[in-house]
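Each remark here refers to the structure printed beneath this line.
Here the structure is a predicted model, which means the values were calculated and not measured. In each ligand, atom 1 is the first atom listed, and ligand 1 is the first ligand listed. Heavy-atom basis, side chains included; hydrogens, waters and symmetry copies ignored.
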Amino acid sequence: MAPQNRLQELRKQIDPINLQILELLNKRATIAREIGEVQQELGTTYYDPEREAQMLTELQQVNEGPFSNDTIKKLFSEIFHATLNLHEQDARQKILVQRKDPNQHTHIEFDNGLTIGNDTFEIIAGPCAVESYEQMDEVAAALSERGVKMIRGMGYKPRTSPYDFQGLGEEGLKIARQVANKYDMVVISEVLDQSLIPMMDEYVDAFWVGARNMQNAFLLRALGKQRKPVLLKRGFGATLKEFIYAAEYIMSSGNDQIILMERGIRTFVQETRNTLDISAVPLLKQETHLPIIVDISHSAGRRDIANPLGRVARVSGADGLMVEVHPNPDVAMSDAKQQLNLNQFNELMDDIDSISVRYKAPTV
Ligand code: PEP
Ligand code: MN
């Protein structure tokens, strides 16, 4: 046979072999997927290095060439790696807070007309802690004047030192409820422990999980079992993956009304209390279908850069920002350095309102 014809003949033999290999690879992947499901039932992990090593040894023992054992090892290692990726892809699809398509957006509606996560930029504001009726009333009047519909009504404060002001407790919640009713606002308040949920439920419209409690699985599960929306703050040392899984605890327990809040992470930067991780906004938008709010107070820990951070939040694609506002920050019982007074709050609102274009984070 002429070499040219022989080449063609041999190539004809290769083509169907490629198809056979393709079919076998996918057949193998389908079975591996089933193995993954069984492993999940058994509570074991997908990745089993011993099993991989055993398969490679067996393949090398029966290998007759012409491929060397080294090449066989490389080829099959690649197949094992692809299978592991498939398992990870399957696992991600099962995560409830994970965005499944670009148009999937969770939005949260409240009785007073406030909607978070519906293409608007909402402001959550109020003092760090409820201190008195007068303090709350003065702040609420100023906030509602600027259209703010959700007020911080913090009765319990997670303080670094047990000797610092811990909040007014239930008394603070009563004040917050009273004031919120007067100005047609909704109250959100931090829940420090699951035992407080039934009592707090009498006063609040939404529960708030602080950074220190982001990974408190018992609290998250308990909040997943009640019906009110939950705002979940990112822990100051938490990766985005950990943050997403914390939200998953709430959603997988039955509550899909979740708002995420980026509040800054700990870095080597000394000038701010934390470092605002603004890239978390577009990344969380890509990964999840949940609304995201930017905390411009605890991230910086100082009021002099509140306005630029507010503008950054506005254009980041976030669904809103959170800022602490106090009638007289210098005498505040907590977080005195970062709270805005009423004039500063109005300036912040003017600044944010002057930005007409809101960047919409791509979600694919
Ligand atoms: C808060 O926002 O009230 C608060 C205590 O912040 P963090 O949990 O982020 O420290
Ligand atoms: Mn505070």
Side-chain angles (χ1 to χ4, degrees), residues 116 122-131 135-136 139 143 148 150-162 164-169 172-173 176 187-193 196 200 204 206-216 219-220 223 229-240 242-243 246-247 250 258-267 272-278 280-281 284 292-303 306 309-310 313 318 320-341 344-345:
I116 295 180
E122 300 298 334
I123 311 294
I124 302 172
C128 180
V130 178
E131 294 171 9
Q135 170 231 26
M136 283 298 281
V139 172
L143 299 182
V148 176
M150 181 182 270
I151 191 164
R152 292 171 56 99
M154 303 302 185
Y156 297 89
K157 293 307 302 171
R159 305 303 301 282
T160 302
S161 162
D164 286 340
F165 175 62
Q166 305 286 308
L168 297 183
L173 300 178
V187 177
I188 186 158
S189 195
E190 176 161 358
V191 53
L192 284 176
D193 187 83
L196 292 168
M200 288 183 70
V204 306
F207 288 97
W208 175 293
V209 178
R212 288 155 195 79
N213 259 323
M214 188 205 84
Q215 285 185 307
N216 182 341
L219 176 63
L220 300 176
L223 289 167
V230 180
L231 184 149
L232 178 67
K233 293 192 88 171
R234 178 181 181 184
F236 35 67
T239 64
L240 293 183
E242 288 162 345
F243 192 19
I250 303 171
I258 304 169
I259 302 163
L260 301 177
M261 188 178 281
E262 162 58 38
R263 49 81 72 210
I265 48 174
R266 280 221 169 130
T267 68
T272 49
R273 187 175 173 182
N274 296 280
T275 299
L276 177 59
D277 178 15
I278 202 68
V281 175
L284 289 167
I292 299 147
I293 306 286
V294 175
D295 175 352
I296 61 167
S297 293
H298 299 83
S299 50
R302 49 193 289 173
R303 58 180 144 265
L309 292 186
L321 67 75
M322 197 288 290
V323 62
E324 287 187 338
V325 183
H326 191 287
N328 189 357
D330 290 338
V331 299
M333 311 277 277
S334 53
D335 286 350
K337 284 195 198 129
Q338 70 195 33
Q339 305 203 58
L340 303 188
N341 68 29
Q344 288 159 343
F345 165 71

For ligand 1, which atoms have a heavy atom of [X] less than 4.0 angstrom away?
{"X": "Glu190", "result": "5 (C)"}
{"X": "Gly210", "result": "8 (O)"}
{"X": "Arg263", "result": "7 (P), 9 (O), 10 (O)"}
{"X": "Arg212", "result": "7 (P), 8 (O), 10 (O)"}

Between the main-chain N or O of [Y] and the side-chain N or O of [X], is there a donor-acceptor pair closer than 3.5 Å?
{"X": "Gln339", "Y": "Asn341", "result": "no"}
{"X": "Gln215", "Y": "Asn213", "result": "no"}
{"X": "Arg234", "Y": "Arg263", "result": "no"}
{"X": "Arg159", "Y": "Phe165", "result": "yes"}

Evaluation steps, side chain to side chain contact (heavy atoms under 4.5 Å, CB included), between Arg303 and Gln344
CA-CA 9 Å; Arg303 58 180 144 265; Gln344 288 159 343; 3.5 Å; yes
Hey, which N, O or S atom on Glu324 ends up closest to the Mn ion (ligand 2)?
OE2
If you consider just the N/O/S atoms, which atom of Asp335 is the closest one to the Mn ion (ligand 2)?
OD2
Got an N/O contact under 3.5 Å between [X] and ligand 1?
{"X": "Ala211", "result": "yes"}
{"X": "Arg152", "result": "yes"}
{"X": "Asp295", "result": "no"}

Where the Mn ion (ligand 2) is the vertex, angle from Cys128 SG to His298 NE2 to 10°
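Rounded to 10°, it measures 170°.
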Matching residue for Ser297 among Val325, Val323, Asp335 - test: side chain to side chain contact (heavy atoms under 4.5 Å, CB included)
Val323
Quick one: which of Ser334, Cys128, Pro329 gives a side chain to side chain contact (heavy atoms under 4.5 Å, CB included) with Glu324?
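The passing option is Cys128.
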Considering non-hydrogen atoms of the protein only, which is the closest contact for atom 7 (P) of ligand 1, and what is the distance?
Lys233 NZ, 3.4 Å
Closest to atom 4 (C) of ligand 1 among protein heavy atoms sits His298 NE2, 3.5 Å
Which atoms form the tightest heavy-atom contact between Gly310 and Leu321, and what is the distance?
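Taking every non-hydrogen atom into account, CA-CD2, 3.7 Å.
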At under 4.0 Å between heavy atoms, which part of Trp208 makes contact with ligand 1: side chain, backbone, both or neither?
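Only the side chain of Trp208 comes within reach of ligand 1.
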Whether over 12 other heavy atoms sit under 6.0 Å from Arg212 CZ
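Yes, enclosed.
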Measure the distances from the heavy atoms of Lys157 to every atom of ligand 1 and state whether one is below 4.0 angstrom.
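Heavy atoms of Lys157 do come under 4.0 Å of ligand 1.
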